[in-house]
Amino acid sequence: MSETEKRDFIRQIIHDDLESGKHSEIVTRFPPEPNGYLHIGHVMSICLNFGVAAETGGRTFLRLDDTNPGKESKEYVDAIKRDVHWLGFDWQDRLTHASDYFGQLYESACRLIEMGGAYVDSLSADEIREHRGTLTEPGRNSPYRDRSVEENLDLFRRMRAGEFGDGEHVLRARIDMSSPNMNMRDPALYRIRHIPHQNAGDEWCIYPMYDFAHGLSDAYEHITHSLCTHSLCTLEFEDHRPLYDWFLDQLKPEYRPRQIEFSRLNLAYAVTSKRKLNTLVDEGIVSGWDDPRMPTIAGMRRRGYPVAALREFVTRAGVTKKDKLIEMGVLENCIRETLGEQAERRMAVLRPLKVVLTNYPENTVEMMEAMNHPGRPELGTREMPFSRELWIEQDDFMEDAPRKFFRLKPGGEVRLRFGYIIRCDEVVRNTAGDVVELRCSYDPDTRSGTASSDRKVKGTIHWVSCEHAIDARVRLYDRLFNEANPNAVDDIHGALNPESLEIVDGKLEPALAELSAGQAVQFERLGYFCADEKEDSAAARVINRIVTLRDSWAKLEKQAMQQQNQVV
RNA sequence: UGGGGCGUAGCCAAGUGGUAAGGCAUCGGGUUUUGAUCCCGUGUACCGCAGGUUCGAAUCCUGCCGCCCCAGCCA
């Protein structure tokens, strides 16, 4: 990193610690609980934790924070590993689990009991809640708070041996029931759960709580900077840090990590709360965790969002302690920028309208040369068959066109991209009065690329030869919510965007037969698209729209509509 | 009404006592066989508010206001 480069406050701390010699190597960790799929908020945490280590030649652990069996599963573990790898990060041999440390954690708990820093409480969960007090009133000590070390040790060992049922006892830290910080009012350290564990099997029936396990796990791994953000992988911020430090002060592990908190990233028109994400999946509002509308990493991957765009997005969002709600447009622009540079261009018609070139010979096919990328000639060209009958976009024709509409209209001319200039001579309707066909004539002197082709017309539209077109099912995705901050809404049902998915039967140019999985292309004038990783096949194309192109015409139209409505 | 955190333009965000960077959006204009891209231009930000210290304050002090988080045997 150069001297002049801007650093966020965490990178500044890390830079200072390296400069002062406090640390010679940075070690971080990304510690998700394997109880759900990773989402856009986690991308921020992953990029930060892996990023700061990579930038300084340090190391990062992927630690599965699996202290609560019953909620956690192998399915989630596998998904997390896949997602982190997909984002381009490698933990190498540093895949760990909180459950790897259950033995050490148990020993530490016993030591804490011996030091008088923990006791076994036999109150029920309800009673403990009653004793905890409120935000404004101090709590009361449990009647079991002053059990002897011997009794506590004996009880705790028997808890571990399985002599008690779930909830009969709990191990608590002995701190201060009147602390203004609720987290310090004798928090639970261990609870009894007779449930097998996804990693540890049935070796244990007592499991450590997050606060106890997390700081010590950081210490065991010699984490230099434990970077936390609200309810994503870890804590609710600085309220827990006194407790994090308390355990370290008491148990004095050989290595002492430091926790630093930063704010979570909220994306407008998207939810990241686990409960709401679950609702979407469980009620079938989306097709699953990897539905292309989901803000999960799996969903965004399937949608076709490039990794580079996601990483750029979190960079633009920044690392601070301020609550933020970032506009969807920022993400979309990152995607457009990345794909605009990378994606080859193709042509496809989403809502086909037939055009017959009445003066074009029948049974004739010309091959038109089309650039694969206007800004990158090295990506070469391809040939597009051109014939008498073509598909164009319904939106590219208007009977009563406003002055500024410069696509096709009766008597008007338009350029077919990489083809000829055509004129609309006649509009054909069905019995219902719908426009079903346009009869046009082409100007033979205007073939693209020829010497006489430089005649200018206002509009250029895309097209596909009917005879050669490939049928495709194309899914047009839009934001899942109409509410800017659906995370803040109690009932998400009313906030849903009913038009988040539209499916159309489109026509693709022949070159798209070779579209491979994971390859994003730009359909000219429409947007960026990719083949669906699950449902697409060569026999039946299923294409996802990643994002539209910026569309200043649509914006103009919308403004015109609004003005009209105001007048009326 | 207890504790913790945060308030700089529509959205992000630099800035750490010397007179408000940058990005995205917006709005103009130019180029263009994608109404895309690209290029150029475009912002009077009561720096949450009010006082105070100072030659000088977004930066220091005091008071106030607003928003977020905490009362799981979840993480």
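When reading the values below, keep in mind they use all heavy atoms of this one structure, side chains included, and skip hydrogens, waters and symmetry mates.
Using a 4.0 Å heavy-atom distance criterion, A/Ser552 is classed as a sugar-phosphate-only contact. Looking at heavy-atom distances under 4.0 Å, A/Pro138 makes no contact with the nucleic acid at all. Within the nucleic acid shown, A/Gly340 has no heavy atom closer than 4.0 Å to any nucleic acid atom. Among the protein residues, A/Leu123 comes within range of the nucleic acid bases, having at least one heavy atom under 4.0 Å from a base atom. As judged by a 4.0 angstrom heavy-atom cut-off over every strand, A/Ala188 is placed among residues touching the sugar-phosphate backbone only. Residue A/Glu137 is classed as having no contact, given no heavy-atom separation below 4.0 Å to the nucleic acid. Heavy atoms of A/Phe405 sit under 4.0 angstrom from at least one base atom. When heavy atoms are screened at a 4.0 angstrom cut-off, A/Arg550 is found touching the sugar-phosphate backbone but no base atom. Within the nucleic acid shown, A/Met209 comes within 4.0 Å of sugar-phosphate atoms alone, with no base atom in reach, counting heavy atoms only. At the heavy-atom level, A/Phe418 lies under 4.0 Å from base atoms of the strands shown. Within the nucleic acid shown, A/Arg345 comes within 4.0 Å of at least one base atom, counting heavy atoms only. If you check every strand for non-hydrogen atoms under 4.0 Å, A/Gly70 touches nothing. Across all strands shown, A/Phe406 has heavy atoms under 4.0 Å from base atoms, whether or not it also approaches the sugar-phosphate.
Judged by atom type and distance alone, A/Gln522 reaches the base of B/rU34 through a side-chain donor-acceptor pair under 3.5 Å. Looking at A/Arg407, its side chain comes within 3.5 Å of the base of B/rG35 through a donor and an acceptor atom. Interface remark: the A/Asn181 side chain does not form any donor-acceptor pair with the B/rG4 base, using a distance-only criterion of under 3.5 Å. Judged by distance alone with a 3.5 Å cut-off, no donor-acceptor contact links the side chain of A/Arg525 to the base of B/rU34. Between the side chain of A/Ser448 and the base of B/rU33, at least one donor-acceptor pair of N or O atoms lies under 3.5 Å.
Between the side-chain ring of A/Tyr210 and the base of B/rA75, no stacking contact exists by the 5.5 Å and 30° definition.
Judged by distance alone, the side chains of A/Glu369 and A/Thr381 do bring a donor and an acceptor atom under 3.5 Å apart. Between A/Asn372 and A/Arg345, the side chains place no donor N or O within less than 3.5 Å of an acceptor N or O (distance only, hydrogens not considered). For the residue pair A/Glu75 / A/Tyr37, a side-chain donor-acceptor distance below 3.5 Å is found, with atom types taken as modelled. Between the side chains of A/His214 and A/Asp65, a donor-acceptor pair is found at a separation under 3.5 Å. A/Lys74 and A/Asn199 share no side-chain donor-acceptor pair at under 3.5 Å.
A/Arg423 and A/Asp443 are not joined by a salt bridge, as no carboxylate oxygen comes within less than 4.0 angstrom of a charged side-chain nitrogen. Ion pairing of A/Arg129 with A/Glu127 is absent here, as no side-chain N (NZ or NE/NH1/NH2) approaches a carboxylate O to less than 4.0 Å. A salt bridge is defined here as a Lys NZ or Arg NE, NH1 or NH2 lying under 4.0 Å from an Asp or Glu carboxylate O, and A/Asp121 with A/Arg172 meets this definition. A salt bridge is defined here as a Lys NZ or Arg NE, NH1 or NH2 lying under 4.0 Å from an Asp or Glu carboxylate O, and A/Arg63 with A/Glu221 meets this definition.
Remark: the separation of the C1' atoms in B/rU34 and B/rG28 is 22 Å, to the nearest Å. If you take atom P in B/rU37 and the same atom in B/rA9, they sit 27 Å apart, rounded to whole Å. Comparing B/rG18 with B/rU1, their C1' atoms are spaced 43 Å from each other, to the whole Å. When the P atom is used for both B/rG10 and B/rA45, the distance is 10 Å, rounded to whole Å. On the C1' atoms, B/rG22 is 16 Å away from B/rU42, given to the nearest whole Å. Between B/rU16 and B/rA21, the two C1' atoms lie 15 Å apart (nearest whole Å). Here, B/rA14 and B/rG52 have their C1' atoms 28 Å apart, quoted to the whole Å. Rounded to the nearest Å, the gap between the P atom of B/rU26 and that of B/rU33 is 24 Å.
You'll find that the side chain of A/Glu238 is closest to B/rG4, out of B/rG4, B/rG2, B/rC74. The side chain of A/Pro374 lies closest to B/rU34, out of B/rU34, B/rC74, B/rA71.
Seen from the ring of A/Trp204, A/Arg160 counts as a face-on cation partner, given the 6.0 Å and 45° thresholds.
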Side chain to side chain donor-acceptor pair (under 3.5 Å) between A/Tyr269 and A/Asn485, worked out: CA-CA 6 Å; A/Tyr269 300 101; A/Asn485 188 9; over 6 Å; no
With side chain to side chain donor-acceptor pair (under 3.5 Å) as the test, would you mind laying out the steps for A/Glu261 and A/Thr229 before giving the verdict? CA-CA 6 Å; A/Glu261 309 81 10; A/Thr229 187; over 6 Å; no
Side chain to side chain donor-acceptor pair (under 3.5 Å) assessment of A/Tyr220 paired with A/Asp100: CA-CA 11 Å; A/Tyr220 300 151; A/Asp100 297 338; over 6 Å; no
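Residue A/Arg185 places no side-chain N or O under 4.0 Å from the OP1 or OP2 atom of B/rG72.
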Name the pairs: protein N/O against N/O of nucleotides 11-15 of chain B, kept only if under 3.5 Å.
{"from": "B/rC11", "atom 1": "O4'", "to": "A/Glu327", "atom 2": "OE2", "distance (Å)": "2.8"}
{"from": "B/rC11", "atom 1": "O3'", "to": "A/Leu325", "atom 2": "O", "distance (Å)": "3.0"}
{"from": "B/rC11", "atom 1": "O2'", "to": "A/Leu325", "atom 2": "O", "distance (Å)": "3.4"}
{"from": "B/rC12", "atom 1": "OP1", "to": "A/Leu325", "atom 2": "N", "distance (Å)": "2.8"}
{"from": "B/rC12", "atom 1": "OP1", "to": "A/Leu325", "atom 2": "O", "distance (Å)": "3.2"}
{"from": "B/rC12", "atom 1": "O3'", "to": "A/Ala317", "atom 2": "O", "distance (Å)": "3.4"}
{"from": "B/rC12", "atom 1": "O2'", "to": "A/Arg316", "atom 2": "O", "distance (Å)": "3.1"}
{"from": "B/rC12", "atom 1": "O2'", "to": "A/Ala317", "atom 2": "O", "distance (Å)": "2.7"}
{"from": "B/rA13", "atom 1": "OP1", "to": "A/Thr320", "atom 2": "OG1", "distance (Å)": "2.6"}
{"from": "B/rA13", "atom 1": "OP1", "to": "A/Lys324", "atom 2": "NZ", "distance (Å)": "2.7"}
{"from": "B/rA13", "atom 1": "OP2", "to": "A/Lys322", "atom 2": "NZ", "distance (Å)": "3.4"}
{"from": "B/rA14", "atom 1": "O2'", "to": "A/Lys6", "atom 2": "NZ", "distance (Å)": "3.3"}

Contact list (N/O, under 3.5 angstrom) for nucleotides 27-32 of chain B vs protein:
{"from": "B/rC27", "atom 1": "OP1", "to": "A/Gln559", "atom 2": "NE2", "distance (Å)": "3.3"}

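Between A/His373 and A/Asn333, the residue whose closest nucleotide on RNA chain B is further toward the 5' end is A/Asn333. Between A/Gly449 and A/Leu135, it is A/Leu135 whose nearest contact on RNA chain B lies nearer the 5' terminus.
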Can you give the dot-bracket line for RNA chain B, where a pair is Watson-Crick or G-U wobble with both atom distances under 3.5 Å, crossing pairs use [ ], and | marks a partner on another strand? .(((((((.[[[..)..(...]]]..((((.......))))......[[[[[..)....]]]]])))))).....
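Protein atom CZ of A/Arg191 is 14 Å distant from nucleotide atom P of B/rG72, rounded to whole Å. The interatomic distance linking A/Glu344 (CD) with B/rU34 (P) rounds to 18 Å, in whole Å. Atom pair A/His462:NE2 and B/rG35:P shows a separation of 9 Å (rounding to whole Å applied).
The OH atom of A/Tyr528 lies 10.0 Å from the OG1 atom of A/Thr548; values are rounded to the nearest 0.5 Å.
Using cut-offs of 30° and 60° on the angle between ring planes, the pair A/Phe164 and A/His169 is perpendicular.
B/rG52 shows a glycosidic angle more than 90° from 0 and is accordingly assigned anti.
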